[in-house]
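Here's the structure, in structure tokens; my notes come after.
Just so we're on the same page: letters track the sequence lines, and every chain starts at 1. Keep in mind it's a predicted model, so treat the numbers as computed, not measured. Side-chain atoms are counted along with the backbone in the values below, which use heavy atoms only and exclude waters and symmetry mates.
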Number of protein chains: 2
Amino acid sequence: MKNTTIKTIAQVTSLSLTTVSRVLNGSAKKYRISEETQKLVLKAAAKLNYAPNRAAVSLRLKRSFSVGLVIPTLSNPYFADVASMVSHALRAKGYSVVLMDCDEDENSEVEAVRLLVAQNIEGVIIIPSGAASAHIDTLLQRKIPVISIDRYHEDIPVSYVATHHYEGAYDITKYLLQAGHKRIACLQGSNSVVSNNLRVKGYTDAMKAAGCSVFSVAGNSFTSESGYIETKLLLQKKDRPTAIFALSDTILLGALKALEEDDVRVPEDMSVVTFDNSSYLDFLACPITSVAQPVNDIANISIKILLEQIEAHLKGTEVQQMKLLINPSVVYRKSVKKIGKGRPGRLV
Amino acid sequence: MKNTTIKTIAQVTSLSLTTVSRVLNGSAKKYRISEETQKLVLKAAAKLNYAPNRAAVSLRLKRSFSVGLVIPTLSNPYFADVASMVSHALRAKGYSVVLMDCDEDENSEVEAVRLLVAQNIEGVIIIPSGAASAHIDTLLQRKIPVISIDRYHEDIPVSYVATHHYEGAYDITKYLLQAGHKRIACLQGSNSVVSNNLRVKGYTDAMKAAGCSVFSVAGNSFTSESGYIETKLLLQKKDRPTAIFALSDTILLGALKALEEDDVRVPEDMSVVTFDNSSYLDFLACPITSVAQPVNDIANISIKILLEQIEAHLKGTEVQQMKLLINPSVVYRKSVKKIGKGRPGRLV
DNA sequence: ATGAAAGCGCTAACAT
DNA sequence: ATGTTAGCGCTTTCAT
């Protein structure tokens, strides 16, 4: 049982390839093909279980109807959430999603982009794993629409939709400061990533604005291991911090483990806040106050822009760079203790 | 700047399409193409940033080099982990992964399979969202290799690799029983899914084997909401359970929230165990004992089998149905209190 | 060791 | 209202 093609149907119906093609891809009306003929073709197609050959259509139309989704790793629930939303929205619009999990590795990401290009992908949604931007610039030069999510590059004209990392970090640091903390440690992720650096800047600026010297910025990756090690180190200092700001929930988990091992209680002995707002924060020994990223908005806006750009690209219109920063909110829980004489309470 | 094709390279190098094609797809040796010529072509290709057109190759070879990955939802970290591993392994073997997130919806899953078929997908890895199997049978009839992960169908000859759900549930229930618990409640997920039902059976069989009547099996979906509601209900009973077995970590989270709200302490007032072993279990108020699914093994074995089946399919060999159940292990933490006169301690 | 030519399945001018 | 034809980019006999 060979695969059914329009040729098969043409033979069966004694019509030309053109006519068959036209009714099968919905342009029957445009070419005023008779109802009769249409029915004939449709019936034959149904009977023979016809499905158009995507490769052929793709080759001919120079369209692939698929977009690439490049992600550092799905093991990170935040990225997984983005991926989930993006994949839904895209599917609803008739696009296939080609997934590239890069394991937080830049080389893997470069390779992923190469593969996507070879697949004539029509657009790319990417959460960069590092600072490298040349491969993304390649896409831009090929006029392939790209939306960078969460992390982005300022050195190339790529559109992006991201959390306003700076603000989120600034706000939550300010909250800590107003609760009376002065020695606030910052546990960072990879410093080759903009989102991390903006968060760090939000933290340091807030500290400075409050007249506090920056206590410490430690760590080097968005992992529990990094959070664990740096917290262990922090606890060794004679001048311990009174609060810790973990720049991601993964880092937080490692920090909590270190605190627990050394019998440091949250929030009694150490206040802790984080960035991401994973659903499990509510259920931790002490529910942790966190900056919540607007995942839904980010995903939806990204898709909207990407589709518009793809549309524009097809029409030959010049696509415009979009730069959107979405304000995050702080979800207050129980992990911050008011100390000293600082003005306590929630910030609004 | 047009796209580079082998034609471009042929012109630049003054060689024929054939020769260029041969060196570019690695069959240079087979045709004894001179080192010199090879270098010439390779250099030109590199300079022009050549990437083969997948659609063309695909059309010509009647292969798509892509496989479908059908997942209930990436929001579930367990599924996301599987997706991550699967996508890596597949990429390493030269396959693209087309992602279909079904939002735990059967109709969406059926549609996803239809779309994959139209794409001439070479194989499918699926974690079913429900009990429907007709669409999967369609794939089988088209001789498209399919591996079902985690959840599977016994009514069609589909290959599967899954956790030995029954054993895991049986073992952890037995552990609870041996710790002296008799009134053990089971919080289930969706009962239209084999994995759930096998876990329930493991629980009930263990209860019966210990001479205990089955206390209760409640709930209807793998969500925190379901866990929350059912636990609330459980706490209303005059005959409260002394232990709760949540059939997934999502359910667990909801249960813990309900317990906390009613000031029921774990493990003092209520022992709790779960299924999945997400990494955050270690960091909860009380670290929760859990059945750990062998994600790594499952993902790797699945890919291995899928690739073998694709290989076989290409050769025209008949593919064989594989049914693999991988034994899970129990990770003991601190959420179970020994009560009564039951023999305490860890089971081995 | 290299090339010419046919064809994979489909669409879109360009006929008629 | 329907048909003819060329060609998308690639691989592969079948030459030489």
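Considering only side-chain atoms of B:R32, the nucleotide from C:dG9, C:dA1, C:dC10 that sits closest is C:dA1. Closest contact between the side chain of B:L59 and the listed nucleotides C:dC8, D:dT2, D:dC10 involves C:dC8. Taking every side-chain heavy atom of B:T5 into account, D:dG9 is the closest of C:dA4, D:dG9, D:dT2. Of the candidates C:dG3, D:dT2, D:dG7, D:dG7 carries the atom nearest the A:R60 side chain, counting heavy atoms from C-beta on. Which of C:dT11, D:dC10, D:dT2 sits closest to the side chain of A:V57 comes down to C:dT11.
Counting heavy atoms from C-beta outward, B:H135 and B:L139 have side chains that stay 4.5 Å or more apart.
Put simply, OH on A:Y31 is 11 Å from P on C:dT11, counting in whole angstrom units. Summarising the geometry, the separation between CZ on B:R63 and P on D:dT12 is reported as 11 Å, rounded to the nearest angstrom. Across the protein-nucleic acid pair, A:L15 atom CG and C:dT11 atom C1' stand 17 Å apart, rounded to whole Å. In this structure, A:I9 places its CD1 atom 12 Å from C1' of C:dG9, rounding to the nearest Å.
Between the side chain of A:R22 and the base of D:dG3, at least one donor-acceptor pair of N or O atoms lies under 3.5 Å. No donor-acceptor contact under 3.5 Å links the side chain of B:R54 to the base of D:dG9. A donor-acceptor contact under 3.5 Å is not formed by the side chain of A:T18 with the base of C:dT11.
Taking 4.0 angstrom as the limit, A:S34 places none of its side-chain polar atoms (N or O) nearer than this to OP1 or OP2 of D:dA1. For A:S21, no side-chain nitrogen or oxygen approaches OP1 or OP2 of C:dC10 to under 4.0 Å. Close to C:dT11, at under 4.0 Å from its OP1 or OP2, lies a side-chain N or O of A:N25. Taking only side-chain nitrogens and oxygens, B:K62 comes nearer than 4.0 Å to OP1 or OP2 of C:dG9.
A salt bridge is absent between A:R151 and A:E109; no separation between the charged side-chain nitrogens and carboxylate oxygens falls under 4.0 Å. Under the 4.0 Å criterion applied to side-chain N and carboxylate O atoms, A:E318 and A:K143 are assigned as salt-bridge partners.
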Are A:E308 and A:K93 close enough, and set up right, to give a salt bridge (charged side-chain N to carboxylate O under 4.0 Å, His left out), and what steps lead you there? CA-CA 12 Å; A:E308 278 172 14; A:K93 296 292 184 180; over 6 Å; no
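In this structure, A:Y152 and A:Y160 have parallel ring planes: the angle between them is below the 30° cut-off, well short of the 60° mark.
At the heavy-atom level, A:S58 lies nowhere under 4.0 Å from the strands shown.
Position along DNA chain C of the nearest nucleotide to B:V20 versus A:L61 favours B:V20 as the more 5'-ward residue.
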